[in-house]
2 protein chains.
Amino acid sequence: MEETAPRKGTVTQRGIERIKAMIAEGGLAPGQRLPTERDLAAQLGMSRSSMREAIRALTVLGVLEARHGSGIYVTRLEAADLLETFGVVADLSRGRRLVELLEVRRVLESTATALAAARITPDRLAEVGRRLAAMNATDDPEEILAHDLAFHREIAAAAGNETMAAILDGLSSRTLRARVWRGYQEEDAFARTRREHAAIHRALVARDPEAARAAAAAHVGEVEEWLRARTAG
Amino acid sequence: MEETAPRKGTVTQRGIERIKAMIAEGGLAPGQRLPTERDLAAQLGMSRSSMREAIRALTVLGVLEARHGSGIYVTRLEAADLLETFGVVADLSRGRRLVELLEVRRVLESTATALAAARITPDRLAEVGRRLAAMNATDDPEEILAHDLAFHREIAAAAGNETMAAILDGLSSRTLRARVWRGYQEEDAFARTRREHAAIHRALVARDPEAARAAAAAHVGEVEEWLRARTAG
DNA sequence: CGAGCACACATGGTCGGACCACTTCCGTCG
DNA sequence: CGACGGAAGTGGTCCGACCATGTGTGCTCG
């Protein structure tokens, strides 16, 4: 009996660890349904309240998914599920850390774009082209932002590394982008942005990884430099 | 009255969003203490149970910190706090995604090492050297692992990008490392690893960013390739 | 008068139960 | 045979009580 009580921190914390361990050790497969909250609580010897807190914690981490009236399920455990919380980091970042996040994005985005240049399929490349055209065809900031996000998302997906794509997605969360770009694009950066996007697209069409890497790095680097100056000043 | 009820999903979810918003909008500064659970629940018009779940969720995300008997506080909101959850991703990753994580690490680690070559201070460089020596002076896998982690951590810190360092930390969580390296080092990879670490250190001493980048990429790439072969086969 | 200690209080942690909201499934009725 | 409706199951919310721990206060003793 004493083995069920590792006496580690709070009861809820123990619940989190136990469930995480079950998944890590293969006892719970992706998509599988868990016992009910009541049963789980009984199994691990804790109250339903504490178990609910544990479940809620794993839910926000993208590990579990609770469906009202149906049950609790393990998510697919794909990169996109687990890295959703990355958006929180981006949303809560200010000043210096925002610049650091953009530096990370520059490194990853340039690599992803280079990989995409070598691997992208004609279909996806066409979609990237459509996004570019749509972006240049409107003046509505909201619409531009949406196409911009899709443009980079397609490229990241084409790189063939879902984990990297998911991280980049978090680093370009809609709210973050809206926050940073509001100021950036006010300084008539539209023309420059269009030129940079065109350069990226051109490199992809030419299947030139080095050019793609450089174009992507320059693109993110522009925003990075602007933000750096704005933060320091 | 209706403005306090955005009618968004569950009550708990609303609580999470509200607190997050307070922090994002500057109403709650890092390190600041929040009202008590009971007061917060009353303010946002929900039960203490639901509020507790919201607080627990933000606690695991590294946004809040609950101190028993004292109160609830906003964390320092540093990169290390918010990116702690990255370790969960690493711990729950298997097969293909593990390779992808290592690919991300290779990209970031090589960049961080290159930056470190240009920026590292003599003190920190000396510490890196000590870790290298300690790593080569023992045969205890546990001790080697500890020094190995510290070796890379020092370098990442020297790169001057705390966010990048925190991500790399998550990508090299102790449990992940133990899992992957157990198999890797069984294949007498000790000698190769030592050579690679020495090469990285040499590049840092020479203040040669390009050599540092190449050495770090090769180092991580070795493990990556081994894991890729092992996963595919 | 000052230092140290013990107690009371505030606060987060846990528990149990009750009820609500939604989903699912099965039996019934047309 | 199909559609409808209800019953059971399950997560969501709320309440109230009590426990465990940290904090501050006021008392006591030197």
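Sequence lines set the chain letters: A, B, ... in the order given, protein chains first and strands last, and positions in each chain run from 1. Just the heavy atoms: all of them, side chains too, but no hydrogens, waters or symmetry mates, feed the values below.
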Starting at atom CZ of B/Arg38, determine the distance to atom P of C/dG12, rounded to an integer number of angstrom.
-> 7 Å
Only counting residues at least two apart or in another chain, list the ones meeting salt bridge (charged side-chain N to carboxylate O under 4.0 Å, His left out) with B/Glu25.
-> none
Global bending angle along the helix from C/dC1-D/dG30 to C/dG30-D/dC1, which compares the axes of five pairs at either end, to 10 degrees | 10°
Would you sort out whether A/Arg14 and A/Glu17 count as a side-chain contact (heavy atoms from CB on, under 4.5 Å), showing the intermediate values?
-> CA-CA 5 Å; A/Arg14 217 179 54 205; A/Glu17 303 296 345; 5.8 Å; no
Donor on one side chain, acceptor on other, B/His152 and B/His197, under 3.5 Å = yes
Nucleotide C/dT14, atom C1' - distance to NE2 of B/His68 in whole Å | 9 Å
Rounded to the nearest Å, what distance is computed from the CZ atom of residue A/Arg48 to the P atom of nucleotide C/dC20?
-> 14 Å
With a 4.0 Å heavy-atom cut-off, tell me which residues in residues 52-64 of chain B come close to DNA chain C, sorted by residue number.
-> B/Arg52, B/Arg56
Side-chain contact test, heavy atoms from C-beta onward, threshold under 4.5 Å: evaluate it for B/Glu224 versus B/Leu227 and give yes or no.
-> no
When only distance counts, do a donor and an acceptor, one from the side chain of B/Ser49 and one from the base of D/dC15, lie under 3.5 Å apart?
-> yes
Given atom CG of A/Leu40 and atom P of D/dG11, what is their separation to the nearest angstrom?
-> 8 Å
Does B/Glu84 CD have over 12 foreign heavy atoms under 6.0 Å away?
-> no
So does B/Glu127 pair up with B/Arg130, basic N to acidic O under 4.0 Å?
-> yes
Using the six-membered ring wherever Trp is involved, compare the ring planes of A/Phe86 and B/Phe86 and label them parallel, tilted or perpendicular (cut-offs 30° and 60°).
-> perpendicular
When you get a sec, tell me which of C/dG13, C/dT11, C/dC19 is the closest nucleotide to the side chain of B/Arg33?
-> C/dT11
Write down the distance between OH (A/Tyr73) and C1' (D/dG9), rounded to a whole number of angstrom.
-> 11 Å
Does B/Thr12 have a side-chain nitrogen or oxygen under 4.0 Å from the phosphate oxygens OP1 or OP2 of D/dT13?
-> yes
Please assess B/Leu82 against B/Glu78 for the test side-chain contact (heavy atoms from CB on, under 4.5 Å), listing each intermediate value before the final yes or no.
-> CA-CA 6 Å; B/Leu82 299 175; B/Glu78 307 249 326; over 6 Å; no
Mind calculating the distance between CD (B/Glu65) and P (C/dT11) to the nearest angstrom?
-> 17 Å
Between CD of B/Glu37 and P of D/dT13 the distance, given in whole Å, is 16 Å
Among A/Thr138, A/Asp140, A/Ile144, whose side chain to side chain contact (heavy atoms under 4.5 Å, CB included) with A/Glu142 holds?
-> A/Asp140
Taking only the side-chain nitrogens and oxygens of A/Ser70, find out if one of them lies under 4.0 Å from OP1 or OP2 of C/dT23.
-> no
Between atom CD in B/Gln13 and atom P in D/dG12, what is the gap in whole Å?
-> 11 Å
